[in-house]
There are 2 protein chains.
Amino acid sequence: MKNKLVDYRKIFHYSQDKLAEKLGVSRQTIISIEKGKYNPSLPLAMIIAEVFQAKVEDIFFLEEEDYK
Amino acid sequence: MKNKLVDYRKIFHYSQDKLAEKLGVSRQTIISIEKGKYNPSLPLAMIIAEVFQAKVEDIFFLEEEDYK
DNA sequence: ACTTCACGTAAAGTTTGCTTTACTATTATG
DNA sequence: CATAATAGTAAAGCAAACTTTACGTGAAGT
């Protein structure tokens with residue numbers, strides 16, 4: 001999966017720290033998602049979308065490797 | 001989280017087995033998601049939405065407990 | 001030079017998603 | 001009655017998500 005978390009975060013002028021706090025997760029989690037180290041859980045992804053007033057599909061994108 | 005997986009599955013006349021195959025997961029996974037035993041991963045949720053030509057938010061719904 | 005802020009890495013540990021296997025129950029159909 | 005299809009439960013095990021802690025770096029400001 002790829003995502004545009006960094007872009008959305010910057011549009012809203014949130015630091016990783018501030019976003020983490022808003023979402024109720026650790027800053028590490030934000031970094032790891034942004035860097036593509038792993039995918040957020042579904043509820044976290046939905047809360048992220050909500051915070052940015054977007055749909056999950058606007059922020060996260062499936063890739064070939066996601067279909068097995 | 002709650003979800004309307006059963007409803008969408010029935011609209012498309014898919015058995016749990018057939019859906020599982022289409023998604024590339026085990027039947028247990030479908031049962032567990034439908035029964036609310038756990039949430040699908042984000043990529044799986046997005047593939048499910050895709051199969052049903054819907055948005056993630058049409059099928060999965062956040063609840064109080066999802067915000068910590 | 002010092003501090004602060006934002007971003008990043010790494011490692012160890014817990015929790016949760018998902019798999020496999022095996023077994024049960026119900027309903028429909030030959 | 002037999003058997004097939006669909007849905008369900010349970011348990012053990014692996015993999016992925018997430019946490020916490022600690023440390024490193026560069027930029028900006030005082």
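In what follows, chains are A, B, ... by sequence order, proteins preceding strands, each numbered from 1.
Side-chain N/O atoms of A:S41 include one lying less than 4.0 angstrom from OP1 or OP2 on D:dC18. B:N39 has no side-chain polar atom (N or O) that falls below the 4.0 Å cut-off from OP1 or OP2 of C:dT16. OP1 or OP2 of D:dA17 has not a single side-chain nitrogen or oxygen of A:K37 nearer than 4.0 Å. Remark: A:Q28 is not in phosphate contact with D:dT21, judged by side-chain N or O atoms under 4.0 Å from OP1 or OP2. Using a 4.0 Å cut-off, some side-chain N or O of B:R9 falls inside it from OP1 or OP2 of D:dA7.
At least one donor-acceptor pair under 3.5 Å links the side chain of A:R9 to the backbone N or O of A:Y14. Proximity of a side-chain donor or acceptor of A:E57 to a complementary backbone N or O of B:V56 within less than 3.5 Å is detected.
Atom pair A:D17:CG and C:dC7:P shows a separation of 9 Å (rounding to whole Å applied). When rounded to the nearest whole Å, the span between OH of B:Y38 and P of D:dT9 equals 12 Å. Distance NE2 (B:H13) to C1' (D:dA5): 17 Å, rounded to an integer number of Å. For A:L19 and C:dC7, the CG to P distance is 10 Å, given to the nearest whole Å. Rounded to an integer number of Å, the gap from B:R27 CZ to D:dT9 P is 11 Å. In this structure, CD1 of A:I33 is placed 13 Å from P of C:dG8, rounded to the nearest angstrom. Distance A:L44 CG to C:dT15 P: 18 Å, rounded to the nearest Å. Distance CD (A:Q16) to P (D:dC18): 16 Å, rounded to an integer number of Å.
Here the side chain of B:E34 is nearest to one of C:dC18, D:dC18, D:dG8, namely D:dG8. In this structure, of D:dA7, C:dG8, D:dG8, it is C:dG8 that holds the atom nearest to the side chain of A:I31. The side chain of A:K35 sits closest to C:dT9 out of D:dA7, C:dC7, C:dT9.
In this structure, B:D66 CG and B:N39 CG are separated by 6.5 Å, a value rounded to the nearest 0.5 Å.
Taking for each of A:L42 and B:Y14 the nucleotide of DNA chain D with the nearest heavy atom, the 5'-most of the two is the partner of B:Y14.
Note on A:S26: a base of the nucleic acid sits closer than 4.0 angstrom, heavy atoms only.
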